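Just below is one structure, and these are the notes that go with it.
Keep in mind that this is a model prediction, so the values were computed, not measured. Each chain gets a letter, A, B and so on, in the order the sequences are listed, and its residues count up from 1.
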Protein chains: 2
Amino acid sequence: MKGSNAEQDYLESYRPGDYPSVALTADLVVFAITGGVLQVALVRRGAHPFKDQLALPGGFVGPRESADDAARRELAEETGLDLGNLPVHIEQLATYTGPLRDPRMRVVSVAHLVLLATDGSALPEVSAASDAAGAGWYPVYDILHGHHSGPLAFDHSMILLDGLNRLAGKMEYTTVAAQLLTEEFTLSQLRTVYEAVWNAPLPPGNFTRKMTPQLEDTGKKTRAPGGGAPAALFRATDRHIHPPLARPRTNL
Amino acid sequence: MKGSNAEQDYLESYRPGDYPSVALTADLVVFAITGGVLQVALVRRGAHPFKDQLALPGGFVGPRESADDAARRELAEETGLDLGNLPVHIEQLATYTGPLRDPRMRVVSVAHLVLLATDGSALPEVSAASDAAGAGWYPVYDILHGHHSGPLAFDHSMILLDGLNRLAGKMEYTTVAAQLLTEEFTLSQLRTVYEAVWNAPLPPGNFTRKMTPQLEDTGKKTRAPGGGAPAALFRATDRHIHPPLARPRTNL
DNA sequence: TAAATAGTGTCTGTTAGACAGTATACT
DNA sequence: AGTATACTGTCTAACAGACACTATTTA
């Protein structure tokens with residue numbers, strides 16, 4: 001049943017017109033931490049529809065790549081970051097299929113959640129994409145509140161909110177938060193990530209006690225930057241936190 | 001900037017050939033409980049590729065519907081169930097975009113997790129789909145182990161596994177498990193659902209104590225079926241369980 | 001010395017986990 | 001009566017939450 005006859009057989013089983021076709025894009029919700037604030041990478045649209053409004057970066061999925069491959073390629077293209085070197089966390093978020101979400105034509109977007117590693121102070125370089133008049137980092141909670149910006153293009157505000165909720169939820173029971181930091185980090189830095197994403201303060205002492213057994217101790221210590229004791233450097237493990245870390249009331 | 005000129009403008013901004021197009025399907029991971037065992041609805045393929053192998057039900061997303069709408073329509077068509085009446089839980093699971101997952105052409109599948117309400121004994125009716133030679137319910141863990149069946153068509157084994165993991169994980173911190181039962185249910189029935197999905201026994205006493213405050217008490221009681229005290233009937237709420245219910249070692 | 005940060009100790013209230021015990025119904 | 005199921009009580013160990021306290025560094 002596996003000769004060329006059978007092949008001929010099923011290759012005829014679909015004819016053009018039997019099925020609707022759609023354009024497929026990979027959209028990116030790229031998060032990074034700066035100054036204790038959760039930031040998202042956005043581009044400003046140069047063309048209609050939603051001209052001059054902010055949008056998530058993204059682009060078409062090529063004929064021979066998966067959506068995840070496309071997400072990696074787009075990330076490199078739109079931000080100039082090379083994923084080969086940097087430890088970048090990418091996971092599929094959700095797929096948005098509303099038939100009218102793009103007025104031009106049927107576009108289905110597979111959204112991806114991307115976490116960039118930073119040392120908590122310097123932003124990773126962001127270069128403008130070819131089809132965007134500008135690109136930059138924006139504080140997530142400001143964008144979601146619509147401060148100084150207005151809504152995002154298409155249904156990107158909803159995608160961004162879904163991305164934030166995914167990240168915030170996953171941080172309760174995994175150590176994903178470490179993906180927003182360099183390979184070695186202190187518990188203070190990690191706590192800063194939690195506070196930035198959850199938009200709520202956490203008591204330092206209890207945070208240390210809860211997280212320490214979930215991480216790998218490198219044995220190294222930091223030199224204290226502006227006064228204070230040197231902090232131990234940890235490395236992330238893929239452990240599940242059980243029981244999860246309790247999240248305070250959401251401050252969105 | 002919003003006149004018909006601008007409209008003309010952006011309608012020209014994409015020409016055929018600028019972007020690759022794909023066929024979009026909605027695939028269903030339909031779960032139900034019978035006899036304390038988690039079952040999944042599968043169809044047997046009548047055509048190549050993967051002829052005569054078991055597959056998840058699904059079908060093309062129409063030009064004017066979202067993937068979620070298509071999932072609801074397919075569920076009604078393939079199982080003969082009317083979702084207007086029954087309380088059926090549907091949520092998007094993930095999207096599978098590997099360029100070679102269907103040898104005939106580029107097919108992107110948005111998988112959905114579907115939970116059918118049963119009383120724990122009778123199976124919901126399943127009628128064969130038009131393009132499938134047979135349809136039925138199969139124990140999930142048997143299928144995943146490949147007992148008496150072999151692997152599923154396409155990448156459907158992975159989709160099924162993802163669906164199981166999503167459900168099992170969500171049951172730790174929500175009351176989704178109640179979506180596999182009728183509107184009013186006893187704690188024993190709910191515990192049966194947990195045991196079927198997690199494939200592990202749970203101590204009845206502690207389960208009752210943990211779950212009772214998460215549910216709405218109807219005040220009613222069951223008549224005891226085969227000896228034993230009458231059980232209180234509860235209704236599901238959308239509460240988050242905090243802290244989550246601990247899951248025993250996975251028995252997959 | 002003063003200030004800032006890291007990390008530990010301590011106390012209390014809550015809960016999981018284990019399991020015994022009691023209550024209620026059917027056969 | 002015997003049995004099966006529902007539910008509550010009890011005990012212990014572990015943990016969260018709150019907060020004080022010590023230690024180590026820089027200015």
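- The nucleotide whose nearest atom lies closest to any side-chain atom of B:P230 is, among D:dC7, C:dT10, C:dA25, C:dA25.
- Summarising the geometry, the separation between CG on A:L233 and P on C:dG7 is reported as 9 Å, rounded to the nearest angstrom.
- The nearest heavy atom of DNA chain C to A:S188 and to A:H242 marks one nucleotide each, and the one closer to the 5' end goes with A:S188.
- With hydrogens and angles left out, the side-chain atoms of B:R101 and B:S109 include a donor and acceptor closer than 3.5 Å.
- Distances shorter than 4.0 Å separate none of the side-chain N or O atoms of A:K210 from OP1 or OP2 on D:dC15.
- In summary, the aromatic rings of B:H240 and B:H242 are positioned with their centroids too far apart to meet the 6.0 Å limit.
- The interatomic distance linking B:K220 (NZ) with D:dA6 (P) rounds to 18 Å, in whole Å.
- For an aromatic pair to be called close, the ring centres must be under 6.0 Å apart, and A:F207 with A:Y194 satisfies this.
- Between the CG atom of A:N206 and the C1' atom of D:dA14 there is a distance of 15 Å, given to the nearest Å.
- No side-chain N or O of B:Y96 forms a donor-acceptor pair with one of B:D27 less than 3.5 Å apart.
- Taking each heavy atom of A:Y141 and A:V197 in turn, the nearest pair found is OH-O, 2.7 Å.
- Straight-line distance from the CG atom of A:L202 to the C1' atom of D:dG17: 12 Å, rounded to whole Å.
- Of the candidate nucleotides C:dA6, D:dC15, D:dC7, D:dC15 has the atom lying nearest to any side-chain atom of A:P243.
- The interatomic distance linking B:F207 (CZ) with C:dC19 (C1') rounds to 18 Å, in whole Å.
- Listed candidates were C:dA6, C:dG9, D:dT10. Nearest to the side chain of B:R209 is D:dT10.
- Residue-level contact check: A:R223 touches the backbone only, with heavy atoms under 4.0 Å from sugar-phosphate atoms and none from bases.
- Among the nucleotides C:dG7, D:dC7, D:dA18, the one closest to the side chain of B:A231 is D:dC7.
- Proximity note for A:T208 (side chain, C-beta onward) versus C:dT24, D:dA16, C:dT8: the nearest is C:dT8.
- Nucleotide D:dA16 holds its C1' atom 15 Å from the CE atom of A:M211, rounded to whole Å.
- To the nearest angstrom, C1' of D:dA16 lies 14 Å from CD of A:E172.
- The 5' end of DNA chain D is approached more closely, in terms of each residue's nearest nucleotide, by B:T212 than by the other of B:T212 and A:P244.
- Atom P of nucleotide C:dT15 and atom CG of B:L245 are separated by 14 Å, given to the nearest angstrom.
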